[in-house]
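Sequence lines set the chain letters: A, B, ... in the order given, protein chains first and strands last, and positions in each chain run from 1. Here the structure is a predicted model, which is why all the values come from computation and not from measurement.
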Amino acid sequence: MLATYDVEALRQDFPFLQTGVAYLDSANTSQRPRQVLEAMERYFTGFNANIHRSAYRASEQATEAYEGARDKVRAFLNAASRKEIIYTRGTTEGINLVAYSWGRQNIRAGDLIVLTIMEHHSNIVPWQILAREKGARLAYVDVDEQGLLRQDQFETLLQQGPRLVCFTQVSNTLGTINPYREMTASAKAAGATVLIDGAQGAPHLGIDVQETGCDFYAFSGHKICGPTGIGILYGRRELLEAMPPFMGGGDMIRAVRLYDTDYAPLPEKFEAGTQAIAEAIGLGAAIDYVQGVGLDAIHAHEQALAEYALEALSEVSGLRVFGPPASGRAGVISMWMDGIHPHDLSTILDRHDVNIRAGHNCTMPLMERLGVPATARASFYLYTTRKEIDRLVAGLEDAKRIFG
Amino acid sequence: MLATYDVEALRQDFPFLQTGVAYLDSANTSQRPRQVLEAMERYFTGFNANIHRSAYRASEQATEAYEGARDKVRAFLNAASRKEIIYTRGTTEGINLVAYSWGRQNIRAGDLIVLTIMEHHSNIVPWQILAREKGARLAYVDVDEQGLLRQDQFETLLQQGPRLVCFTQVSNTLGTINPYREMTASAKAAGATVLIDGAQGAPHLGIDVQETGCDFYAFSGHKICGPTGIGILYGRRELLEAMPPFMGGGDMIRAVRLYDTDYAPLPEKFEAGTQAIAEAIGLGAAIDYVQGVGLDAIHAHEQALAEYALEALSEVSGLRVFGPPASGRAGVISMWMDGIHPHDLSTILDRHDVNIRAGHNCTMPLMERLGVPATARASFYLYTTRKEIDRLVAGLEDAKRIFG
Amino acid sequence: MADDQFYRDYILDHFRHPRNYGRLENPDIAHEEYNPLCGDLVGMDFRIQDGTIEDVRFHGRGCAISQASASLMTERLKGMPLEEARKITKEDVLAELGIEISAARLKCALLPLKVVKVGAYGLTDVDEEEFGS
Amino acid sequence: MADDQFYRDYILDHFRHPRNYGRLENPDIAHEEYNPLCGDLVGMDFRIQDGTIEDVRFHGRGCAISQASASLMTERLKGMPLEEARKITKEDVLAELGIEISAARLKCALLPLKVVKVGAYGLTDVDEEEFGS
Ligand SMILES: Cc1ncc(COP(=O)(O)O)c(C=O)c1O
Ligand SMILES: Cc1ncc(COP(=O)(O)O)c(C=O)c1O
């Protein structure tokens, strides 16, 4: 951990943390600092108007703040152009947009789509639906015993010339940080289009989409200190230009006639209807906040926490911990306690004011692969402390006492 | 106006109105009372957690608030079941959901889809896309000189046995309140499925979906004193049950396997991914607020304002006012001033701190029909005053002086 | 932190030492229900004589709440006329558990009731919501 | 409420009395641009001789900003070498208008520039953003 990283000072920014709860469910949704709430408040109270459509000052101010947030996201991802930054509701909508628009235009019968067994349902179900509709095939890259993707399998699948390769930057169950740069390079070299699920990557690692070379990258505002109801789809301009619109309606048009329509240029083409204006502005403030702390510092903080936690949890008898060593993982730890169902663990921990996730984490195929019906998952963020991890361990011991 | 309707007291609830701006653009997006902002704030600071997925108290409190808001919407629409209430980003997404899910399952080549010429682009473009994909036909009901739908034409089109009839409850340009109950009854009798665009109806009139008998009803939170980023699609349960999902991902599943998925029951089936949680809670508070004032009182207030405004505007020479008499219209007035483009009008009015909409209001086919490239539109809500209308009239006179 | 108020001794006792656990040979009715979201599974085998549940056994796996609730349910069902079993309500089940079940855990607690209603009475069109969905 | 600062006299004058308004017979170049969002239309006809804009006329309809901007543009273009016209920037146009154009009105102000760049120079791959889109 960096000497200058003052987690206690950062915690002061997060209203919910003041309740005293040890919030260890940030991979599910993060807390939001008052800087984000205040940015939204400023919109609601100071220039609460719709964007793009009107020519008075409040509307222009709203448009400026909304488009300014897009510029922040562009810089955050180092995208080449602001036209490549599409507002969505979240990662799920971003992936579905690609499946509907790019997928229905480009995937044909017999095409191969490569996924991995650690994908979130949001990066599986849209492809199942598309594959069924088009008669395409799905194939999954497995994990090894450490919870790392089997790169040998991945290479073998690439030799089959997949049309599309989709994988997560960071596993929301195992915490595994995938070698996304190398995987993207291999997949591109094999001629595939590459979509990276950045839901867990953007908040903790960030990405340089140009350097990475991926075609699509989706993430959610609510996991990166931003509000609910907003997310981002990055798409390479060339692809976005060629894609048909996803939803039709206001703002995504240039001219509507009774029987046909000219669509608006990017990014509006993919932003039909009134957008989540306050939420986009809040996301801009969240990006500012996270970049203010620094992605490198956040990642170092989380990796130190993961190391500390893995060490402490290894002392808890009867506890199985999934995933790779701390060096290759983000601040996500999934566990299975012999004789105590994760739901019971979660309930007991809650009575210790420790909040964790119990369930399949929206990764049922991975659960099946790991041989458990569910896990108990603790996940960290920039505001997590060692003391909270100590409370987690104490809670686990208490659960063992109760069920013992 | 009801004697008990205290508009000045209501205005105190709206932070943006305290800036002194005469906000006459509520058909675009409404102002939001502090009760709504506070409900969202309570979530962000008191129980900021994801819903459904976790078993600790903050998550349960969030789930309760989120689902409680759904119950409020159910009651507001008098839907038969909470399973019929689907959260969306807004009207546009709601209509697109129907076009993608119901439309692709039910519309076949040669089928007729009846729309009206006063529809918002959001209720045109999705049907154009669907019709092109399926080889279906579109037909439009025209308006008469007063801006009322030509019911004779509507009846003639119904005789052709349309598969789907879509129309707006209230026109966002003309202010026309369509006879939506009668039109729904006729269309249902003709065997059509009926979608009502409630974007302008829900905030000002409300609806009883069971009494009306429509199959789908969509509206936006941001026009009914709620936050941006949230809306509602009501669908009759029988139809929703039979429809395939729209987006795939987390929460809309019962079980995901590698090559197939069981979908969740309603309403989750249509709510893929992390939803706009804070916004749904805010929408619940908005419904409470609007129902607290009373839809009847709001409508009476707006109709009195419309009457007052139509009277005052009729004194402004060179001004053309579109739409029906006050008795048949909501608080929406579109205008054309000879020799002054709506954009110039809007700029000048803005310099008087009067905010109106200038443009085509996302109703380009109607603009074409009215023979104008754009209009200047003033629109009212529960917090609008006669004094603000006086300021509008004064601003129009000043514009004439400047351009005179 | 009053966890003992939640996982009361008798609940843990039913979880650790489930009553009527196992299978019946040639049961008159057998039905299983599964909650894929958490992996909870409860199945029951019934022997019916003269409209009365003469014997019942359950099997399954999952959290303490679902398994203890199943165990408690079998104790209640044994010797009960079918007619009466048909009338067992959600409230009955929760009262018997005797702890405050939060919304997120309701599904666990009511899974055994679902087995009874769907399986033994052939109610295919059950309202999922009734069982905490 | 300083509206006179916005709609300055010379802007209104150019709107009311547009310079070089009309069409040319057999122009060397003719191009129109249309903004469907507000209905603004600006078209220009050019007569070119020895690489210089010998004559130019505009026609159109729309708001005061777009029409005054077009009128001002024709005054600037007349007698200008094509090479020079090619270099006219957004900033030049806004400076000539001499008023603060808000983002929402930028498209109106720059429509005539778009006519020049797209029409007279055959730039088909223009960046819409450059013209306020
Ligand atoms: C009649 C009508 N329909 C649909 C819409 C679209 O609503 P939204 O932009 O919130 O999706 C609007 C408002 O813009 C409207 O006025
Ligand atoms: C890896 C991963 N992908 C996708 C998602 C879906 O994100 P959202 O629910 O915000 O759409 C999540 C989080 O739930 C996730 O962790």
Portion of [X] that has a non-hydrogen atom of chain B nearer than 4.5 angstrom:
| X | value |
| --- | --- |
| A:Ala358 | backbone |
| A:Ala255 | both |
| A:Arg34 | neither |
| A:Leu258 | both |

Closest non-hydrogen atom pair between [X] and [Y], with its separation:
| X | Y | result |
| --- | --- | --- |
| A:Gly250 | B:Cys362 | CA-SG, 4.0 Å |
| A:Pro15 | B:Thr45 | CB-CG2, 3.5 Å |
| A:Ser30 | B:Asn48 | O-ND2, 3.1 Å |

Do [X] and [Y] come close enough that some side-chain heavy atom pair is under 4.5 Å?
| X | Y | result |
| --- | --- | --- |
| A:Tyr43 | B:Phe16 | no |
| A:Met252 | B:Val125 | yes |
| A:Met364 | B:Ile253 | yes |

Side chain, backbone, both or neither of B:Ala99 within contact of chain A (heavy atoms, under 4.5 Å) =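 Contact with chain A: none, neither part.
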
Which answer fits B:Ile356, side chain, backbone, both or neither, if we ask what part of it has an atom under 4.5 Å from a heavy atom of chain A?
->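 For B:Ile356, the backbone is the part near chain A, not the side chain.
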
What distance separates A:Lys223 NZ from B:Thr274 OG1, expressed to the nearest 0.5 Å?
->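 Here the interatomic distance stands at 5.0 Å.
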
Out of curiosity, A:Asn50 CG to B:Ser26 OG, how far, rounded to the nearest 0.5 Å?
->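 Atom-to-atom, A:Asn50:CG and B:Ser26:OG are 11.5 Å apart.
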
Looking at [options], which makes the most heavy-atom pairs under 4.5 Å with chain B?
| options | value |
| --- | --- |
| A:Thr92, A:Thr228, A:Asn361, A:Leu138 | A:Thr228 |
| A:His360, A:Gln31, A:Gln18 | A:Gln31 |
| A:Leu97, A:Ile117, A:Ile277 | A:Ile277 |
| A:Asp260, A:Asn96, A:Val36 | A:Asn96 |
| A:Pro342, A:Ala276, A:Ser59 | A:Ala276 |
| A:Pro244, A:Ala55, A:Gly359 | A:Ala55 |

Most heavy-atom pairs under 4.5 angstrom with chain A, which of [options]?
| options | answer |
| --- | --- |
| B:Trp127, B:Phe47, B:Tyr263, B:Phe44 | B:Phe44 |
| B:Pro245, B:Gly229, B:Gly231 | B:Gly229 |
| B:Thr363, B:Val354, B:Leu37 | B:Leu37 |
| B:Met367, B:His222, B:His120 | B:His222 |
| B:Val256, B:Thr19, B:Thr29, B:Leu17 | B:Val256 |

Does the gap between the ring centers of A:Phe246 and B:Tyr100 come in under 6.0 Å?
->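 That pair passes the under 6.0 Å test.
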
Taking only Lys NZ, Arg NE, NH1 and NH2, and the carboxylate oxygens of Asp or Glu, determine whether B:Glu93 and A:Arg89 approach each other closer than 4.0 Å.
->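 Salt bridge between B:Glu93 and A:Arg89, a charged N being under 4.0 Å from a carboxylate O: yes.
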
So does B:Asp353 pair up with A:Arg57, basic N to acidic O under 4.0 Å?
->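 Salt bridge flag = yes for A:Arg57 with B:Asp353.
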
Hey, is CD on A:Glu368 packed in by over 12 heavy atoms from elsewhere, all under 6.0 Å?
->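 At most 12 heavy atoms, drawn from other residues, nucleotides or ligands, come within 6.0 Å of this atom.
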
Side chain to side chain contact (heavy atoms under 4.5 Å, CB included) partner of B:Tyr56, the single match among A:Asp25, A:Leu349, A:Thr347 =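 By the side chain to side chain contact (heavy atoms under 4.5 Å, CB included) criterion, B:Tyr56 pairs with just one of A:Asp25, A:Leu349, A:Thr347: A:Asp25.
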
Can you check whether A:Glu41's main-chain N or O pairs, donor with acceptor, with B:Glu41's side chain at less than 3.5 Å?
->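 Not confirmed, B:Glu41 side chain does not pair with A:Glu41 backbone.
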
